[in-house]
Amino acid sequence: MAEDRVYLRVLMLTIADVSKSYGTRELFSEVSLFIARTDRLGLIGPNGAGKSTLFGLILGEEKPDTGTIEWERGADFGYLPQESAPAGDETILHIATSGKKLEPDEDDYDIDYTLEPRAKKILAGLGFKEGDALKLAKTFSGGWVMRAHLARLLVAEPALLLLDEPTNHLDLEALLWFQEYLTRYPGGLVVISHDRAFLNALCTGMLELRSGSLNYYHGNYDNYLTEKEARKAQQAAAFKTQQREIAHLQVFVDRFGAKASMASRAKSKEKQIERLKEAAVEEPTEELRKMNFKFPQPPRSGLKVIDLKHVRQSYGSHVVYSDLNFAAERGQRIVLVGPNGAGKSTLLKILAGVIEIQGGERDLGSNVVPGYFAQNRLDNLDADATVFENVMSLRTNENQLTEQQARAILGAFLFRKDDVHKPISVLSGGEKSRLALARILVKPPNLLLMDEPTTHLDIQSIDALVHALKNYEGTLIFISHDVHFIRALAQNVLHVHSGRLTPYFGDYDYFLEKSKATDARAALTAGFTDGRPKQAAAPAKSATPVAAPAAKKPTPNEIRKFREEVGALEKKVSELEAKQAEITTALEDPASYADKGKFHHLNRELSAVVDQLTAATTAWETAATKLAEMEK
């Protein structure tokens with residue numbers, strides 16, 4: 001079909017009139033695509049549209065029913081699937097260098113001496129620590145092995161990268177590094193991704209695979225949305241005009257078709273109608289397979305929802321919080337931000353009661369029902385049960401959940417017919433996320449705690465989740481790396497860093513302004529040492545109110561000296577934060593655990609630094625408040 005063709009520049013890959021079906025199900029029909037060496041293309045479409053199948057055809061792993069796929073001579077490609085095969089006995093460095101020799105044999109000088117340092121630099125950018133390169137890959141989780149395979153592609157630098165959900169296994173810091181690296185990548189790129197910020201930053205064109213057709217849109221994801229709406233409006237107008245013309249002609253045929261004197265003209269009109277119908281513009285249709293749900297309104301809680309007082313939490317001897325204080329009130333929508341490893345997920349687990357606190361108090365308010373949406377979706381699911389059984393297991397005497405109600409809930413999350421009998425083990429990441437959300441609807445909490453809820457969800461599902469949460473009347477506290485999701489929902493921001501919580505009583509843009517952050521996405525994992533809101537110290541209460549003497553206005557010299565004191569205190573806070581980060585990094589090194597003396601010394605040192613930092617921060621905030629009063 002000529003209208004499906006996409007014409008670009010100097011061609012590297014040509015897909016011409018390709019069709020593919022499985023049994024009676026047609027994935028796509030007569031699609032054509034031309035890719036140049038400098039293209040940056042995002043491939044999008046609903047789950048099950050055939051995006052991964054199209055990659056399989058390009059790779060030669062599958063054969064098209066009709067059509068051809070041709071590569072430019074000498075062009076090579078690299079492919080990253082969603083999941084990798086289990087790791088063997090190779091090291092991380094061996095994977096990243098594709099097993100190539102790094103040291104010459106006798107009389108063998110055909111060695112690329114830049115290969116190892118390039119590989120180690122890329123591994124570091126993707127989050128591997130020094131020393132990890134020589135460790136066996138099988139000692140790492142599947143997500144880290146995927147990072148090693150991603151490094152392999154970046155080191156090899158093929159002419160075309162084909163990436164299937166490459167950001168799923170990356171934390172935000174690694175993702176931002178990877179995104180920046182791809183902007184300078186010398187070859188072409190076709191990426192399947194549900195991360196709109198990633199697509200906006202990289203793509204110069206979008207390919208949408210939907211209803212058997214492949215359509216090209218200029219620009220990034222935001223440009224795609226604008227152009228798609230314009231095309232849809234144009235299509236609707238053309239359809240309306242065409243249907244009006246057909247109806248007008250049909251009136252003539254109905255009126256004069258039976259009259260002998262007008263029969264020939266009526267016949268001509270009938271043929272005209274047939275020609276119009278053959279070339280008819282299709283009526284724009286809404287997307288059928290997308291999540292559509294709303295959270296049942298939960299029981300109303302008291303004003304105070306949860307209160308943490310002087311909480312202490314650690315993992316082994318690694319202290320995460322030494323004196324944590326936090327409170328949330330009914331109806332608040334709070335996003336937790338801060339560096340990786342700062343304790344955001346730990347705080348969410350403490351609030352949810354998933355982990356037992358080691359010191360202090362955790363008090364739930366009146367009539368509070370917490371619900372926890374874990375980052376690892378299996379934490380919310382019974383891995384040995386089916387989709388349907390996971391929902392029916394929530395049946396109680398109170399809710400009297402019926403099989404029909406369970407099927408209706410699952411249907412809203414795209415589990416239909418035999419899908420409900422799938423075992424959890426065969427579900428994709430997106431399906432596990434949708435099922436975990438479906439379970440929340442059965443027993444709606446009034447304190448909803450969500451850790452990376454958008455991971456593995458496609459863009460349409462994320463939009464559906466945003467819509468549902470906007471109408472949710474409970475209290476929402478969440479962690480997310482999706483700036484679009486945060487901007488749509490967060491009314492307050494809580495910055496978590498070095499065991500401290502800094503509240504920003506405004507939305508995400510307010511947080512960016514007050515923290516002086518320059519990048520909306522990078523700010524999610526930044527640790528700030530300045531720009532924090534100043535909190536005035538509470539005035540001391542006196543048993544007997546007395547008239548305060550008139551305050552003496554400070555001299556310019558006194559203000560200058562006090563400003564120097566505040567600067568010194570701020571410098572001390574920054575130094576202690578840096579020291580805390582240094583010790584925390586050392587404690588994260590597995591080598592620290594081998595030397596017990598060193599480990600205990602580091603832990604004692606960390607506890608001392610945390611105490612000093614708490615005192616220094618309090619002194620700095622009090623002094624900064626006083627300075628602000630003096631300068632009025």
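- Atom CG of Asp418 is surrounded by 12 or fewer heavy atoms from other residues, nucleotides or ligands within 6.0 Å.
- Within 6.0 Å of CZ on Arg73 lie no more than 12 heavy atoms contributed by other residues, nucleotides or ligands.
- Using the six-membered ring where Trp is involved, Tyr504 and His495 have ring planes that are perpendicular, over 60° apart on the 30 and 60° scheme.
- With contacts defined as side-chain heavy-atom distances shorter than 4.5 Å, the pair Leu182/Val191 does not qualify.
- Side chains of Thr97 and Arg152 form no contact here, defined as non-hydrogen atoms less than 4.5 Å apart.
- At most 12 heavy atoms of other shown residues, nucleotides or ligands fall within 6.0 angstrom of atom CD in Gln234.
- By the 6.0 Å and 45° rule, Lys514 does not stack over the aromatic ring of Phe511.
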TODO: Evaluate side chain to side chain contact (heavy atoms under 4.5 Å, CB included) for Leu170 paired with Trp177, printing each intermediate quantity in order.
DONE: CA-CA 10 Å; Leu170 301 179; Trp177 179 90; over 6 Å; no

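- Taking a cutoff of 4.0 Å between a charged side-chain nitrogen and a carboxylate oxygen, Lys138 and Glu90 do not qualify as a salt bridge.
- Under the 6.0 Å distance and 45° angle rule, Lys269 counts as a cation-pi partner of Phe252.
- Side-chain atoms of Tyr181 and Ile122, non-hydrogen and from C-beta on, do get closer than 4.5 Å to each other.
- The environment of His421 atom NE2 is dense: over 12 non-hydrogen atoms of other residues, nucleotides or ligands sit within 6.0 angstrom.
- When side chains are defined from C-beta on, Leu33 counts as touching Leu207, because their heavy atoms get closer than 4.5 Å.
- Using a 4.0 Å cut-off between a side-chain N of Lys or Arg and a carboxylate O of Asp or Glu, Asp509 and Arg487 qualify as a salt bridge.
- Every residue two or more places apart in sequence or in another chain was checked for a side chain to side chain donor-acceptor pair (under 3.5 Å) with Lys470, and none qualifies.
- Between Lys277 and Glu274 there is no salt bridge, since no side-chain N of the basic residue sits under 4.0 Å from a carboxylate O of the acidic one.
- Between Tyr224 and Tyr221, the ring-plane angle classifies as tilted under the 30° and 60° cut-offs.
- The closest donor-acceptor contact from the side chain of Ser21 to the backbone of Thr24 lies at 3.5 Å or more, if one exists at all.
- Salt-bridge check for Arg333 with Asp507: failed, with every basic side-chain N at 4.0 Å or more from each acidic carboxylate O.
- Side chain of Ser213 to backbone of Ser29: no donor-acceptor contact under 3.5 angstrom is found.
- A side-chain contact (heavy atoms from CB on, under 4.5 Å) with Leu41 is found for one member of Leu189, Leu160, Ile35 and no other, namely Ile35.
- A salt bridge links Glu208 to Lys228: one of the charged nitrogens lies within less than 4.0 Å of a carboxylate oxygen.
- In this structure, the ring of Phe478 has its center no less than 6.0 angstrom from the ring center of Phe373.
- The side-chain contact (heavy atoms from CB on, under 4.5 Å) with Ile477 is formed by just one residue from the set Asp451, Leu448, Asn492, Leu348; it is Leu348.
- Figure legend: Arg147 and Phe128 shown without cation-pi pairing, the cationic atom not lying both under 6.0 angstrom from the six-membered ring centre and within 45 degrees of its axis.
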